[in-house]
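Start at 1 and go down the list; that is how both ligands and their atoms are numbered. The first residue of the sequence shown is numbered 1, and numbering continues consecutively from there.
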Amino acid sequence: MSTDYETVCVLGLGYIGLPTASIMAMRGFRVHGVDVNQQAVDTINQGRIHIHEPDLDALVKAAVGSGRLSAHLRPQPADVFIVAVPTPFKDTHQPDLTYVEAATRSLAGVLTPGNLVILESTCPVSTTESMARWIAEERPDLSLPAWTPLGAKAAAPVKGAVLLAHCPERVLPGQILRELVENDRIIGGIDPASAERCAAIYRKFVIGKLLLSDCRTAELAKLTENAFRDVNIAFANELSLICDRLGIDVWELIRLANHHPRVKILNPGPGVGGHCIAVDPWFIVSSAPEEARLIRTAREVNDHKPVVVISKVEKLAERFKYPVIACLGLAFKADVDDLRESPAVEITRHLAQRQIGRVLAVEPYISQLPKALSDSGAQLVDLDAALAKADVVLLLVDHRVFRALDRKRLEGKAVVDTRGCWR
Ligand code: SAJ
């Protein structure tokens, strides 16, 4: 099959799927985007976006305008299928593959022999093989390759087999469009033929290196990257607790230590949020609970950080009769609108529910409070209104607008700066 003018069906039009679909459309692919959210589908078909990511609006407008990107509620026949749906965890920290399974079973209906199915969602080890099983259950008429590590002697490819690969997304929210093109990509085939075919697709829009491997290794590599970052942030967060106890400025400590040529400590904060780093390490823990001791502890250290911030604010609030507490930022990190797993939301909700004062939340990227805060008692206001009234100012997210704040406006207020921007 020629690799020119291929049709791609991207399932899940969120932070990964929509930019990927749009970039591929601009590179000449005919792209069907699929999402279960009718509003997202309608918005995209009008050339507009339902999420915030720098420059994504112009890209989607151009892709839809070119006639090569359209959005749908159901999978459409295509040569290549890319699954980019959420993979949350359950209350027990066990991975929840409901969306991956539903997307796989729904695309199975339109598969034809020789199609390639690519999993981009971050998943526990062996999910790509589970997808092969789900497809086989839905479509016993199709043949699917068995897992074969790269370098092992592969069985002769079955003519017309459906190919499968895991190509984990690795982009940083806020820089998605650049990183989608520039980052190196790991391509883990269920067998070597699948890896080769998948690489031919990504070669058309990725200028980073394409690193071919098998799907199990690719799955664990992605989890490893995020667990590495989580462990390193936990180290910084633990240092912040040690410094609080010893009366030392953690930011100054880290600045000094980082002058060593082989030391690169990350930044402490109010905890770790987002749908990736706060989630993915648990997928390793659930697969190898006995062995993943450090990875589990790092998660626990980072998950405990909001509790520390809450008690710091409560202590300061005792100085006032019924203080106004301004919580600056709700997003999980700077300059994004994404509130998923955000420690800032958790902290704001606790402070509001404990009724130790009146809680004002400032989040320039949203226009109404998320469900988690809607009946907490917290009120969404703008920065000026919050600073005019606040007795206690709690900086939770280092959004550009907060970093640029004139420090004089904080005079006379009790300040908790969890990001170290106002030192
Ligand atoms: N954070 C700190 N201190 C730091 C760095 C981050 O407290 O020094 C916090 C942030 O405030 C945020 C959380 O960690 O709450 C995660 O933010 P992040 O910028 O480290 O990462 P994400 O979740 O936006 O994106 C990560 C990236 N993974 C790595 O850097 C290894 C990205 O490349 C992945 O594509 C993404 O996860 C993903 O989707 O898996």
Inset, instruction - Identify the residue among Leu59, Ile23, Val60 that makes a side chain to side chain contact (heavy atoms under 4.5 Å, CB included) with Leu18. - result: Val60
Inset, instruction - Test Asp338 against Arg340 for salt bridge (Lys or Arg N to Asp or Glu O under 4.0 Å), laying out the working first. - result: CA-CA 6 Å; Asp338 194 339; Arg340 285 178 290 180; 2.9 Å; yes
Inset, instruction - Name all pairs fulfilling the side chain to side chain donor-acceptor pair (under 3.5 Å) condition that reach into residues 240-254, sequence neighbours left out, sorted by first residue then second. - result: Ser240-Lys305, Asp244-Lys312, Asp249-Arg423, Glu252-Arg255
Legend entry - Glu101/Arg105 ion pair, N-O < 4.0 Å: yes
Provide, line by line, the atom pairs where ligand 1 and the protein bring an N/O atom each to a distance under 3.5 Å; else say none.
from, atom 1, to, atom 2, distance (Å)
ligand 1, 3 (N), Asn267, O, 2.7
ligand 1, 8 (O), Asn267, N, 2.9
ligand 1, 8 (O), Asn267, O, 3.4
ligand 1, 11 (O), Phe332, O, 3.4
ligand 1, 11 (O), Arg419, NH1, 2.8
ligand 1, 11 (O), Arg419, NH2, 3.2
ligand 1, 15 (O), Gly273, N, 2.9
ligand 1, 15 (O), Phe332, O, 2.7
ligand 1, 19 (O), Lys333, NZ, 2.9
ligand 1, 20 (O), Arg229, NE, 2.5
ligand 1, 20 (O), Arg229, NH2, 3.2
ligand 1, 24 (O), Lys333, NZ, 2.9
ligand 1, 28 (N), Asn226, OD1, 2.8
ligand 1, 33 (O), Arg170, O, 2.7
ligand 1, 35 (O), Glu169, OE1, 3.2
ligand 1, 35 (O), Arg170, O, 3.1
ligand 1, 35 (O), Val171, N, 3.0
ligand 1, 35 (O), Val171, O, 2.7
ligand 1, 39 (O), Glu169, OE1, 3.3
ligand 1, 39 (O), Glu169, OE2, 2.5
ligand 1, 40 (O), Lys222, NZ, 2.5
ligand 1, 40 (O), Asn226, ND2, 2.7

Inset, instruction - Mind telling me whether Trp282 and His93 have parallel, tilted or perpendicular rings, with 30° and 60° as the class edges? - result: parallel
Legend entry - Test item: Ser213 side-chain N/O and Ala218 main-chain N/O as donor-acceptor pair under 3.5 Å: no
